[in-house]
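Here's the structure, in structure tokens; my notes come after.
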Amino acid sequence: MIENNINLDEIKENSNDKNYMLNIVKNKGKLLQYASLNLQDDRELVLEAINQDGEALEFASDNLKNDKEIVMLANKKSPWTICYASDFLKSDKDIFFNIIDEYGQALYFASKTLRDDDELVTRAVKNKGIIIKYASYRLRNNLEIAKIAIKQDKRALNFVTAELREKIKKEEEG
């Protein structure tokens with residue numbers, strides 16, 4: 001089967017050939033999906049694929065989705081790919097601090113602990129106010145963070161705690 005000048009049958013036949021696959025992913029990183037499981041766990045091949053297209057992280061082995069350098073490279077190119085990171089790395093502050101200012105939605109994929117981190121949540125809602133809905137209860141009840149979120153997106157008011165929402169409405173009325 002040939003798609004956009006790419007012969008998928010040929011790629012599948014050569015899925016265990018590292019040199020062949022290196023040449024393929026240099027031009028289209030997401031073709032990593034057709035590499036053998038062994039090669040999807042090959043650091044050199046996966047780095048090459050991600051250098052071409054951060055979204056190739058989806059097809060890396062679980063082992064390499066736990067590799068901080070690989071995940072950070074993918075996130076630098078495509079911040080939303082944090083969703084493919086291992087659970088362990090979804091608890092890594094460094095990774096989130098590198099993408100949260102540009103991609104506040106990353107908070108959705110953060111661990112429970114990071115969703116309760118004042119600095120991380122503040123930075124996330126500055127970028128995408130409505131993302132406050134994924135912050136911890138404690139931070140959805142924080143007036144300062146709520147105001148930042150609401151300033152960025154008025155709909156964020158719907159996701160702060162009920163008590164805080166009433167307090168904010170009273171402030172606006174008074």
Side-chain angles (χ1 to χ4, degrees), residues 1-117 119-136 139 152-153 155 159:
M1 174 199 229
I2 297 177
E3 277 184 35
N4 301 327
N5 297 326
I6 296 170
N7 185 333
L8 293 179
D9 292 330
E10 182 181 320
I11 293 171
K12 290 174 185 176
E13 287 171 20
N14 290 286
S15 66
N16 282 310
D17 183 332
K18 182 174 177 178
N19 289 328
Y20 179 87
M21 291 306 299
L22 273 168
N23 286 324
I24 293 296
V25 301
K26 280 181 185 177
N27 295 310
K28 188 154 176 67
K30 284 194 274 191
L31 290 176
L32 178 64
Q33 71 179 303
Y34 297 107
S36 66
L37 294 178
N38 248 6
L39 290 180
Q40 289 176 349
D41 193 43
D42 183 281
R43 196 168 196 284
E44 178 187 7
L45 182 72
V46 171
L47 278 170
E48 195 65 52
I50 289 172
N51 269 318
Q52 198 286 319
D53 185 340
E55 294 178 22
L57 181 61
E58 175 181 2
F59 306 108
S61 68
D62 288 346
N63 178 47
L64 293 179
K65 288 176 182 174
N66 196 40
D67 182 310
K68 187 172 180 174
E69 179 188 354
I70 286 175
V71 170
M72 287 182 81
L73 176 63
N75 294 164
K76 185 175 182 180
K77 295 183 166 289
S78 302
W80 67 268
T81 59
I82 187 64
C83 68
Y84 299 122
S86 68
D87 288 342
F88 176 75
L89 290 181
K90 288 178 183 174
S91 294
D92 188 304
K93 251 185 176 177
D94 292 341
I95 289 177
F96 281 89
F97 279 152
N98 277 304
I99 60 174
I100 206 78
D101 294 324
E102 290 179 37
Y103 189 69
Q105 296 94 311
L107 185 65
Y108 175 82
F109 301 106
S111 69
K112 215 174 185 178
T113 303
L114 290 182
R115 290 178 185 205
D116 192 48
D117 182 281
E119 183 182 1
L120 185 73
V121 171
T122 299
R123 289 170 61 176
V125 300
K126 279 181 182 175
N127 173 265
K128 183 106 176 143
I130 202 165
I131 204 70
I132 196 169
K133 68 182 170 180
Y134 297 109
S136 67
L139 296 181
Q152 201 286 323
D153 186 331
R155 296 174 299 167
F159 300 103

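Keep in mind it's a predicted model, so treat the numbers as computed, not measured.
Within the 3.5 Å criterion, the main-chain N or O of Thr81 finds no donor-acceptor partner in the side chain of Ser78. Without hydrogens or angle criteria, Asp92 side chain to Phe88 main chain gives no donor-acceptor distance under 3.5 Å.
Residues Asn7 and Ile11 form no side-chain contact, since every pair of their non-hydrogen atoms from C-beta on lies 4.5 Å or further apart. In this structure, the side chains of Glu55 and Trp80 come closer than 4.5 Å at one or more pairs of heavy atoms. Cys83 is listed as a side-chain neighbour of Phe109, based on a closest heavy-atom distance under 4.5 Å. Residues Leu32 and Gln40 meet the side-chain proximity criterion, which asks for heavy atoms closer than 4.5 Å. Between Gln152 and Ile130, the closest side-chain pair of non-hydrogen atoms is not below 4.5 Å. Using a 4.5 Å heavy-atom threshold, the side chains of Phe97 and Glu119 count as touching. Looking only at side-chain heavy atoms (C-beta outward), Leu89 and Lys65 stay at 4.5 Å or farther from each other. The shortest distance between side-chain heavy atoms of Ile132 and Leu107 does not fall below 4.5 Å.
Asn75 and Ile82 get closest at one heavy-atom pair: ND2-N, 3.1 Å. Residues Ala106 and Ile99 share a closest heavy-atom pair of CB-CD1, 3.7 Å. Taking every heavy atom of both residues into account, Gly104 and Ile131 meet most closely at O-CG1, 3.5 Å. The two residues Leu114 and Lys90 make their nearest non-hydrogen contact at CD1-O, 3.4 Å. Between Ser111 and Ser91 the shortest heavy-atom distance is CB-OG, 3.1 Å.
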- Message: Does Asn127 form a side-chain hydrogen bond (donor to acceptor under 3.5 Å, both in side chains) with Asp101? I'd like the steps, not just the answer.
- Response: CA-CA 6 Å; Asn127 173 265; Asp101 294 324; over 6 Å; no
- salt bridge (Lys or Arg N to Asp or Glu O under 4.0 Å) assessment of Arg43 paired with Glu69: CA-CA 10 Å; Arg43 196 168 196 284; Glu69 179 188 354; 2.6 Å; yes
- Trace of the side chain to side chain contact (heavy atoms under 4.5 Å, CB included) decision for Asp153 with Val125: CA-CA 9 Å; Asp153 186 331; Val125 300; over 6 Å; no
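For Glu10 and Tyr20, the side-chain atoms include at least one donor-acceptor pair closer than 3.5 Å.
Among residues two or more places apart in sequence or in another chain, the salt bridge (Lys or Arg N to Asp or Glu O under 4.0 Å) test is passed with Arg115 by none. Remark: Asp17 engages no residue in a salt bridge (Lys or Arg N to Asp or Glu O under 4.0 Å) (not counting sequence neighbours).
A salt bridge is defined here as a Lys NZ or Arg NE, NH1 or NH2 lying under 4.0 Å from an Asp or Glu carboxylate O, and Lys128 with Glu102 fails to meet this definition. Using a cut-off of 4.0 Å between Lys/Arg side-chain N and Asp/Glu carboxylate O, Lys18 and Glu44 are scored as salt-bridged.
When the shell of 6.0 Å around NZ of Lys68 is examined, it contains more than 12 heavy atoms from other residues, nucleotides or ligands.
Residue Lys93 is tested with Asn98, Asp117, Thr113 for a side-chain hydrogen bond (donor to acceptor under 3.5 Å, both in side chains); the sole match is Asp117.
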